[in-house]
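What you see below is based on every heavy atom in this structure, not just the backbone, and it leaves out hydrogens, waters and symmetry mates.
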Amino acid sequence: MSLDKTIASAVAKAVESLYGIAVDPASIVPQATRKEFEGNLTVMVFPWVKAARKAPEAVGAEIGNWLVANEPAVASFNTVKGFLNLVITPSYWNCVLRTIEETPAYGTVAPTEESPLVMVEYSSPNTNKPLHLGHLRNILLGSSLAKILEACGNRVVKTNIVNDRGIHICKSMLAWKKYFDGATPETSGKKGDHLVGDCYVSFDQHFKAEVKALMEQGMTEDEAKAASPLMAEAREMLRLWEEGDPEVRALWEKMNNWVYEGFDVSYRRMGVGFDKIYYESQTYLDGKAKVLEGLEKGLLYKKEDGSVWADLTNEGLDHKLLLRSDGTSVYMTQDIGTAKQRFDDYPIDRMIYVVGNEQNYHFQVLSILLDRLGFKWGKDLVHFSYGMVELPEGKMKSREGTVVDADDLMSEMVNGAREVSMELGKLDGLTEAEIAEIAETVGLGALKYFLLKVDPRKNMTFNPRESIDFNGNTGPFIQYTYARIRSVLRRASEAGLDKADYSAVEPNEKEIALIQRLSDFPDVVQEAGRNYSPALIANYAYDLVKEYNQFYHDCSILREEDAAVRSLRLALSDATARTVKTAMGLIGINVPERM
């Protein structure tokens with residue numbers, strides 16, 4: 001049992017013994033005592049003041065005295081108004097540290113066959129462009145969330161839905177036919193997703209030129225867009241695709257395969273993957289069938305023009321289009337089809353969609369419709385709504401080619417990490433292969449950490465240079481501290497420093513602070529899972545290495561002559577390194593053994 005749970009359980013017993021009040025220990029949440037007061041953990045006593053019919057200070061004193069008499073972990077206490085500050089017995093901290101040492105995969109819970117099955121959808125790219133910075137935040141949040149949920153004891157299925165059909169795909173296809181002279185990834189020397197993205201940008205440039213020319217002939221902008229021959233060709237290509245035209249379908253398959261190969265290279269470098277990939281081209285027909293089934297059952301209605309709608313006014317919303325008058329589907333219909341296939345494939349207990357906050361309304365409606373159409377988890381689906389990521393220069397636009405490409409950004413981060421590390425002398429004496437490996441680890445770690453340390457619900461600005469700083473709340477700072485700890489442990493091993501029994505050692509203030517921070521880790525993992533927040537893990541890792549650096553500064557380790565004290569400090573160092581590695585792993589970041 002963790003220290004927090006031990007204290008919560010003891011306080012619950014105290015309240016029942018003193019006042020006859022049955023209290024659920026889970027409702028008692030000890031907090032770290034503020035630095036200006038004496039103590040390690042603080043418990044609020046306000047909830048029991050009324051029943052006790054005593055002042056808060058008196059209730060705190062009575063509970064404190066009961067704990068000192070009955071709970072070995074509590075050495076002393078003090079009260080400040082309604083706050084009971086508890087001082088933990090010094091020797092108890094050694095038991096906490098030993099438990100951490102002896103616990104495999106400390107901080108995580110292994111799933112079982114009976115664990116809930118959670119499906120997490122993330123990435124969701126279009127096949128008309130490469131992955132960009134916005135995708136990176138989505139992918140890293142989704143991948144990290146999946147790791148955290150699994151560490152909380154859930155079975156997890158990671159899925160991706162690829163948007164591989166629609167007018168935007170046809171725009172890239174048409175531009176390739178008209179302007180790219182049969183170019184391929186091999187002949188152009190470009191990754192397939194980059195080549196197709198160039199086609200998409202080219203279409204927009206030619207379309208804008210057409211519109212401008214038509215406006216110069218006297219048309220309004222709307223009239224010019226409607227009259228554009230290029231856009232008419234793209235719509236005709238989409239119609240032919242819908243009809244299964246062999247030539248259009250063959251080009252579509254060829255260009256999509258180029259994109260998939262490019263995506264796979266990017267995913268591998270990010271260190272992410274999926275258990276199942278769905279494609280809109282294979283789900284939209286199921287969505288149409290499900291909508292028509294709902295229509296037959298009277299759950300939906302049809303207008304005079306043949307379009308199918310859902311009346312959501314009873315839920316405080318409006319009417320939602322599901323099938324156009326020509327029978328073609330909309331995004332909502334495709335999402336219903338994808339949901340059906342997922343429900344057929346897996347016995348899902350919870351479905352989590354990692355999608356930006358601009359789609360809040362969409363998922364509110366999807367939840368209602370899935371529930372109405374009979375999916376048991378529809379009502380409880382989770383839209384993990386995250387904020388947008390921008391650059392200091394502002395927003396990005398794919399069709400104008402102003403996005404920050406994910407591949408380019410990863411390479412830029414790795415090069416930047418190499419440059420900064422060499423300037424600081426952190427790569428001295430290493431081989432070129434070691435330098436390249438560390439630069440990759442640090443560069444991608446800096447990128448991931450910067451994107452994940454922010455509360456996912458907030459918009460953020462990404463600053464590449466700031467993220468590679470080796471000081472402050474950054475990935476490289478945490479990675480460097482980990483490498484420093486591993487260096488200490490290697491030198492201890494090389495010096496043949498035998499482990500001694502440290503159970504009789506009374507930890508000092510810095511050692512206790514570090515053990516207490518380590519003891520928080522399991523609860524942080526669980527809270528991150530409950531709140532869908534990788535940022536909690538990221539910032540915990542930062543707080544932990546800050547605490548270690550203070551301990552490292554004030555406490556000699558290898559030069560400590562008392563073998564028991566030295567063993568305590570080595571055990572602390574090892575537990576810290578293992579916990580940092582686990583925490584960073586939960587947000588998809590590797591840590592270097594040397595640096």
Side-chain angles (χ1 to χ4, degrees), residues 1-97 99-100 107 455 457 506-531 533 535-537 539-540 542-544 546-547 550:
M1 185 183 295
S2 70
L3 176 60
D4 283 4
K5 287 183 172 60
T6 297
I7 295 301
S9 177
V11 171
K13 291 176 184 175
V15 172
E16 184 170 16
S17 174
L18 293 167
Y19 311 117
I21 304 171
V23 179
D24 180 2
S27 68
I28 302 171
V29 184
Q31 302 288 336
T33 303
R34 289 166 57 177
K35 293 189 180 299
E36 60 264 37
F37 301 114
E38 181 187 7
N40 304 112
L41 291 174
T42 297
V43 175
M44 287 195 301
V45 302
F46 294 109
W48 313 300
V49 167
K50 185 175 181 181
R53 297 183 179 180
K54 296 180 179 179
E57 291 86 348
V59 173
E62 288 179 346
I63 295 174
N65 282 319
W66 191 97
L67 292 172
V68 169
N70 296 280
E71 174 49 61
V74 178
S76 62
F77 70 92
N78 64 84
T79 59
V80 181
K81 297 183 179 178
F83 297 91
L84 172 60
N85 302 320
L86 303 174
V87 177
I88 303 303
T89 306
S91 60
Y92 184 83
W93 292 110
N94 291 343
C95 298
V96 173
L97 177 58
T99 299
I100 293 170
D455 182 338
R457 292 157 186 83
E506 285 203 0
N508 64 30
E509 182 182 351
K510 293 295 182 183
E511 292 160 347
I512 288 173
L514 184 53
I515 297 171
Q516 184 170 359
R517 186 72 69 182
L518 287 166
S519 73
D520 292 338
F521 184 51
D523 290 336
V524 171
V525 174
Q526 292 296 319
E527 186 181 358
R530 284 193 302 273
N531 295 327
S533 181
L536 293 175
I537 302 289
N539 287 287
Y540 169 82
Y542 172 60
D543 290 339
L544 178 59
K546 274 200 307 180
E547 201 74 64
Q550 291 181 17

Could you walk me through whether Trp48 and Leu18 pass the side chain to side chain contact (heavy atoms under 4.5 Å, CB included) check? CA-CA 10 Å; Trp48 313 300; Leu18 293 167; over 6 Å; no
Please work out whether the ring planes of Phe83 and Phe46 are parallel, tilted or perpendicular, with thresholds of 30° and 60°. perpendicular
For atom CZ of Arg457, is the number of surrounding heavy atoms from other residues, nucleotides or ligands below 6.0 Å larger than 12? yes
Heavy-atom pair with the smallest gap, counting every atom of Glu38 and Asn78: O-ND2, 2.8 Å
Might you work through the side chain to side chain contact (heavy atoms under 4.5 Å, CB included) test for Phe37 and Thr42, ending with a clear yes or no? CA-CA 10 Å; Phe37 301 114; Thr42 297; over 6 Å; no
Spell out, as yes or no, whether a donor-acceptor pair under 3.5 Å connects the side chain of Thr89 to the backbone of Pro72. yes
Do Leu84 and Val59 have side-chain heavy atoms sitting under 4.5 Å apart? no
Considering all heavy atoms of both residues, which atom of Pro90 and which atom of Pro507 are nearest to each other, and what is their separation? O-CD, 3.3 Å
Could you check if a side-chain atom of Asp455 sits within less than 4.5 angstrom of a side-chain atom of Leu536, using non-hydrogen atoms only? no
Can Ser9 and Lys13 be said to form a side chain to side chain contact (heavy atoms under 4.5 Å, CB included), step by step? CA-CA 6 Å; Ser9 177; Lys13 291 176 184 175; 3.9 Å; yes
Would you name the heavy atoms of Ile63 and Ala14 that are closest together and state the gap between them? CG2-CB, 4.1 Å
Quick one: pull up OG1 in Thr99 and CG in Asn94 and give me the separation to the nearest 0.5 Å. 10.5 Å
Close side-chain approach of Val45 to Val15, heavy-atom, < 4.5 Å: no
Is the closest side-chain heavy-atom distance between Leu3 and Tyr92 below 4.5 Å? yes
Please tell me if the side chains of Asn40 and Val87 come closer than 4.5 Å, counting only heavy atoms from C-beta onward. yes
Not counting sequence neighbours, list each pair that qualifies as a side-chain hydrogen bond (donor to acceptor under 3.5 Å, both in side chains) and has a residue in residues 64-73. Ser17-Trp66
Side chain to side chain contact (heavy atoms under 4.5 Å, CB included) between Asp4 and Asp520, intermediate numbers included: CA-CA 8 Å; Asp4 283 4; Asp520 292 338; 4.3 Å; yes
When rounded to the nearest 0.5 angstrom, what distance separates CG in Leu518 from CH2 in Trp93? 10.5 Å
In short, Ile21 meets Ala51 closest at the heavy-atom pair CD1-CB, 3.3 Å
Locate the shortest heavy-atom distance separating Pro25 from Ala12; write the atom from each residue and the value. CG-CB, 3.9 Å
If you round to the nearest 0.5 Å, how far is NZ of Lys546 from CZ of Arg517? 7.5 Å
Could you state the interatomic distance from OH (Tyr542) to CD (Glu547), rounded to the nearest 0.5 Å? 11.5 Å
Show the nearest heavy-atom pair for residues Val96 and Ser519, with the distance to one decimal. CG1-CB, 3.9 Å
Spacing of CD1 belonging to Ile88 relative to CG belonging to Leu41, to within rounding of 0.5 Å: 5.0 Å
Any side-chain hydrogen bond (donor to acceptor under 3.5 Å, both in side chains) involving residues 49-63? Give me the pairs, sequence neighbours left out, ordered by first then second residue. Tyr19-Glu62, Lys54-Glu62
